Chemist: 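Before anything else, here's the structure in question.
Note that the coordinates shown come from a computational prediction; the quantities given were computed from them, not determined experimentally.
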Amino acid sequence: MLAIIELVLMSAAALLILRAQGRPQNAETSAFQSLERAFGGLARRRGLAVFSVGAGVIALRVALILVLGIPQPRWNDEFSYLLAADTFAHGKITNPTHPMWIHFESFHIIEHPTYMSMYPPAQGLVLAAGQLLGRPWIGQLLITAAMCSALGWMLQGWLPARWALFGAILAALRLGLLSYWMNTYWCASVAALGGALVLGAWPRLRRRPSISRSLILALGLVVLANSRPYEGFVFSIPIAFAMLFWLAGRNDPAPALRVTLPQVVLPILVTLLLAGVATSYYYFRVTGNPLHMAYQVNREAYATAPYFIWQTPSAAPVYHHEVVRSLYEWELAEFEKYRTFGGYLSGVRWKLKSWWQFYLGPLLTVPLLAFPWVVRQRKMRLPLLICAAMAAGFGIQTWTLPHYFSPAICVLYLLLVQSMRRLWHWSRANRPLGRMLVRAIPVVACAMILLRVTAAGIHLPIEPAWPRGNLERAMILHQLRQLPEPALVIVRYRPHQDFDREWVYNEANIDGAKVVWARDMGRSGNQELIEYFRDRKVWLVEGDSPTPQLRPYSD
């Protein structure tokens, strides 16, 4: 629906542009020129421009809370990240395995050798900062704003200041306000920030090596390694080769070794070494092995389908809950289908369609009219190589979602803005057709935001309702927290439950939580848990009911 609306708006803008060709300059054109002069003044103040993008994202999204609300977790990954956040916010690295862990078993967490999220720690640290400030979502708000600012800073290293600010504003409009990067608890903004730091530091480092720029590049690599390690590694390979060629003087003359060694090589190596030690210590505490990630522990304990298409499925483990079994059996079926030629092509088509809808849509497809000219530019070789490396990396994965590309979103916006620069100079019969098309893009982007916010305010169903998330679980959790006694909630599901709408997730300190969520294991199985939590009021919830309701377990 949103893509169709966007297509209609952009088509209408194109028709208006064509009808306006040949007419004398009017008030609207003069207004655009005045706005562009003011825009150029802000862009020349590079630091202020970068800050303004992030501050604008924060201000607008906070203002929209009145209409869109604050998102609640809904997907299994989000609850896993929030477990890490709660752990870090309480000053702990991980949590001991609970004696009743079998009742709390859920997706994307590990129960042994410790109780923790299976994901790398970066997103958990971001959400922990938000939790300490009042709500975990504050961390998501701040990191998404920082990502948009970082994209602007990155573009400044590659393009003129006006175009860098233009690209950052487009990213803020597309990703920073209404996308799931802002309105869920996924790690996309964190990884995108890391990629922007790396790609933004690289051209600056080539022009003038310095310790500060080397540290920024190394920091970006550390963020990638602790948010999306595989995709971050693939993203970094072309940059690593470009740096090696530069240091060797293969393409452009590099500074002398006495300059690059202390100002480039050593700062990067020392930073990566220290970060590697810290990350290894984290996994040592979580899994007992500094080289064994929590993700690997989780997959070894539950999954049968491997991550890459050439691998062989493993034997099924013993599952304690039918809903857990159903998820991993579905994964295996998807893996087997993906290994067939037809299944692989079907999966590629789905990925391309979903990624196009999220990242480009009809609006940002327009600049790609000039993409064939961008491909020929020598300056764009590295960004294009990064895209090729990411495509190859995704081609051998079993599952990919749009945010898996987040480390390279900086490359996408660099190529888009470079295409717009080329499009800007297109003319037809001495009429600035390209300029008007480029001007129309932010106008339509703002119109889409206004339309979506208005639709949310009047409850017009052009997209899923706001606020996003599992609102039923959030409402029941709020209700239970208002009661004087602590609660134990046993969640019961019907057969064929939607495993992407899970309720059984707990805080880091389960025994100290006001509300504890557990799986229904039958009357005799539940009894040992009720005995353990004998001081709690016991409730029952039908988790997959159309209208979930609390009722006393004794009923």
Side-chain angles (χ1 to χ4, degrees), residues 72-90 92-128 131 136 184-187 190 226-229 282-289 292-305 307 317-328 330-331 399 469-470 473 477 488-491 493 497-513 515-521 529 543:
Q72 298 293 332
R74 184 253 195 257
W75 301 96
N76 301 324
D77 307 66
E78 297 178 83
F79 286 105
S80 180
Y81 288 127
L82 289 168
L83 169 60
D86 192 42
T87 303
F88 297 146
H90 286 88
K92 297 185 294 182
I93 293 178
T94 189
N95 309 282
T97 297
H98 195 276
M100 298 284 114
W101 67 270
I102 195 172
H103 295 269
F104 312 131
E105 213 171 8
S106 199
F107 306 116
H108 303 336
I109 63 176
I110 62 172
E111 299 286 355
H112 290 282
T114 62
Y115 164 52
M116 188 49 171
S117 167
M118 77 172 190
Y119 290 113
Q123 176 71 354
L125 291 169
V126 167
L127 297 177
Q131 183 169 324
T184 63
Y185 298 84
W186 299 84
C187 71
V190 183
N226 288 279
S227 55
R228 298 216 62 87
Y282 169 76
Y283 285 122
F284 171 73
R285 292 288 304 275
V286 174
T287 70
N289 184 338
H292 209 52
M293 300 171 65
Y295 186 93
Q296 294 171 275
V297 172
N298 177 273
R299 300 299 292 179
E300 290 166 1
Y302 298 106
T304 56
Y307 195 70
V318 175
Y319 294 108
H320 305 107
H321 306 282
E322 190 59 34
V323 65
V324 177
R325 178 198 304 276
S326 65
L327 169 64
Y328 294 104
W330 172 84
E331 279 192 357
W399 301 279
N470 188 339
R473 184 184 187 277
L477 179 61
L488 168 64
V489 183
I490 295 176
V491 182
Y493 296 114
Q497 183 256 341
D498 179 4
F499 43 71
D500 282 327
R501 195 173 180 83
E502 181 55 65
W503 286 56
V504 181
Y505 282 99
N506 286 292
E507 298 176 15
N509 180 7
I510 295 177
D511 287 347
V515 180
V516 173
W517 304 85
R519 295 192 182 279
D520 178 30
M521 297 185 69
L529 187 66

Chemist: Where is the tightest heavy-atom contact between Ala508 and Thr87, given as atom of each residue plus distance?
Modeler: CB-OG1, 3.4 Å
Chemist: Measure the shortest side-chain to side-chain distance between Asn470 and Gln72 over non-hydrogen atoms and say whether it is less than 4.5 angstrom.
Modeler: no
Chemist: Could you tell me which non-hydrogen atom of Tyr328 sits nearest to which non-hydrogen atom of Ala303, and how far apart they are?
Modeler: CD2-CA, 3.6 Å
Chemist: Within this structure, what is the OG1-CH2 distance for the pair Thr184 and Trp75, rounded to the nearest 0.5 Å?
Modeler: 10.0 Å
Chemist: For Asn95 and Tyr115, indicate whether the former's side chain and the latter's backbone hold a donor-acceptor pair under 3.5 Å.
Modeler: yes
Chemist: Test of understanding: with salt bridge (charged side-chain N to carboxylate O under 4.0 Å, His left out), list the residues that count as partners of Glu322, not counting sequence neighbours.
Modeler: Arg325
Chemist: Can you sort out the partners of His320 under ring-ring contact (aromatic ring centres under 6.0 Å, His included), two or more places apart, ordered by chain and number?
Modeler: Trp101
Chemist: Is it true that a side-chain atom of Glu502 and a backbone atom of Val504 form a donor plus acceptor pair closer than 3.5 Å?
Modeler: yes
Chemist: I'd like to know whether Phe107 forms a side-chain contact (heavy atoms from CB on, under 4.5 Å) with Leu327, so could you lay out the CA-CA distance, the side-chain angles of the two residues, the decisive distance to 0.1 Å, and finally the verdict.
Modeler: CA-CA 9 Å; Phe107 306 116; Leu327 169 64; 3.2 Å; yes
Chemist: Is there a side-chain contact between Ile93 and Tyr282 in this structure, where contact means two heavy atoms from C-beta onward sitting under 4.5 Å apart?
Modeler: yes
Chemist: To the nearest 0.5 Å, how far apart are OG1 in Thr114 and NZ in Lys92?
Modeler: 11.0 Å
Chemist: Which pair of non-hydrogen atoms, one from Arg74 and one from Asp498, has the smallest distance, and what is that distance?
Modeler: NH2-OD2, 4.0 Å
Chemist: Would you please test Asn506 and Val516 for side-chain contact (heavy atoms from CB on, under 4.5 Å) and show each step?
Modeler: CA-CA 6 Å; Asn506 286 292; Val516 173; 3.8 Å; yes
Chemist: Could you tell me which residues satisfy side-chain contact (heavy atoms from CB on, under 4.5 Å) with Ser326, sequence neighbours excluded, listed by chain and number?
Modeler: Val323, Phe499
Chemist: So do the side chains of Phe88 and Ser117 get within less than 4.5 Å of each other, counting heavy atoms only?
Modeler: no
Chemist: Over all heavy atoms of both residues, which pair between Pro229 and Met293 is shortest? Give the atoms and the distance, please.
Modeler: CG-CE, 3.9 Å
Chemist: Check side-chain hydrogen bond (donor to acceptor under 3.5 Å, both in side chains) between Arg473 and all other residues, then give those that pass, not counting sequence neighbours.
Modeler: none
Chemist: With sequence neighbours excluded, what pairs up with Pro317 under the side-chain contact (heavy atoms from CB on, under 4.5 Å) test?
Modeler: Thr304, Tyr319
Chemist: Does the pair Ile109 and Leu83 meet the rule for a side-chain contact (heavy atoms from CB on, under 4.5 Å), with working shown?
Modeler: CA-CA 8 Å; Ile109 63 176; Leu83 169 60; 3.8 Å; yes
Chemist: Looking only at heavy atoms, what is the nearest atom pair of Tyr493 and Gly543, with distance?
Modeler: CE2-CA, 3.8 Å
Chemist: With sequence neighbours left out, what residues match Pro73 under side-chain contact (heavy atoms from CB on, under 4.5 Å)?
Modeler: Glu78, Phe79, Leu82, Tyr185
Chemist: Could you tell me the separation between the CD atom of Glu111 and the CE atom of Met100, rounded to the nearest 0.5 Å?
Modeler: 12.5 Å
Chemist: Taking only residues two or more places apart in sequence, or in another chain, which ones meet His321 in a ring-ring contact (aromatic ring centres under 6.0 Å, His included)?
Modeler: none
Chemist: If the condition is side-chain contact (heavy atoms from CB on, under 4.5 Å), which residues does Ala89 pass it with, not counting sequence neighbours?
Modeler: Ala128, Gln131, Leu132
Chemist: Restricting to ring-ring contact (aromatic ring centres under 6.0 Å, His included), what partner residues turn up for Phe104, sequence neighbours left out?
Modeler: His98
Chemist: Could you state the interatomic distance from CD1 (Ile102) to CZ (Arg519), rounded to the nearest 0.5 Å?
Modeler: 11.0 Å
Chemist: Going by atom types only, do His292 and Glu300 share a side-chain donor-acceptor pair under 3.5 Å?
Modeler: yes
Chemist: For Tyr295, which residues count as a side-chain hydrogen bond (donor to acceptor under 3.5 Å, both in side chains) partner, sequence neighbours excluded?
Modeler: none
Chemist: Measuring from Cys187:SG to Leu127:CG, what's the distance to the nearest 0.5 Å?
Modeler: 10.0 Å
Chemist: In the structure I gave you, are the side-chain heavy atoms of Asp520 and Val491 within less than 4.5 Å of one another anywhere?
Modeler: no
Chemist: Which atom pair, heavy atoms only, marks the closest approach of Val190 to Ala122?
Modeler: CG1-CB, 3.8 Å
Chemist: Starting at CD1 of Ile110, measure out to CE of Met118 and round the result to the nearest 0.5 Å.
Modeler: 10.5 Å
Chemist: Is a side-chain donor-acceptor pair under 3.5 Å present for Tyr119 with Asp77?
Modeler: yes
Chemist: What do the steps show when you test Tyr307 against Gln296 for side-chain hydrogen bond (donor to acceptor under 3.5 Å, both in side chains), and what is the final call?
Modeler: CA-CA 10 Å; Tyr307 195 70; Gln296 294 171 275; over 6 Å; no
Chemist: Can you name the residues that form a side-chain hydrogen bond (donor to acceptor under 3.5 Å, both in side chains) with Ser227, not counting sequence neighbours?
Modeler: none
Chemist: Quick one: do Trp517 and Leu488 satisfy side-chain contact (heavy atoms from CB on, under 4.5 Å)? Show the steps, please.
Modeler: CA-CA 6 Å; Trp517 304 85; Leu488 168 64; over 6 Å; no
Chemist: Checking Glu331 now: which residues fulfil salt bridge (charged side-chain N to carboxylate O under 4.0 Å, His left out) with it, not counting sequence neighbours?
Modeler: Arg299
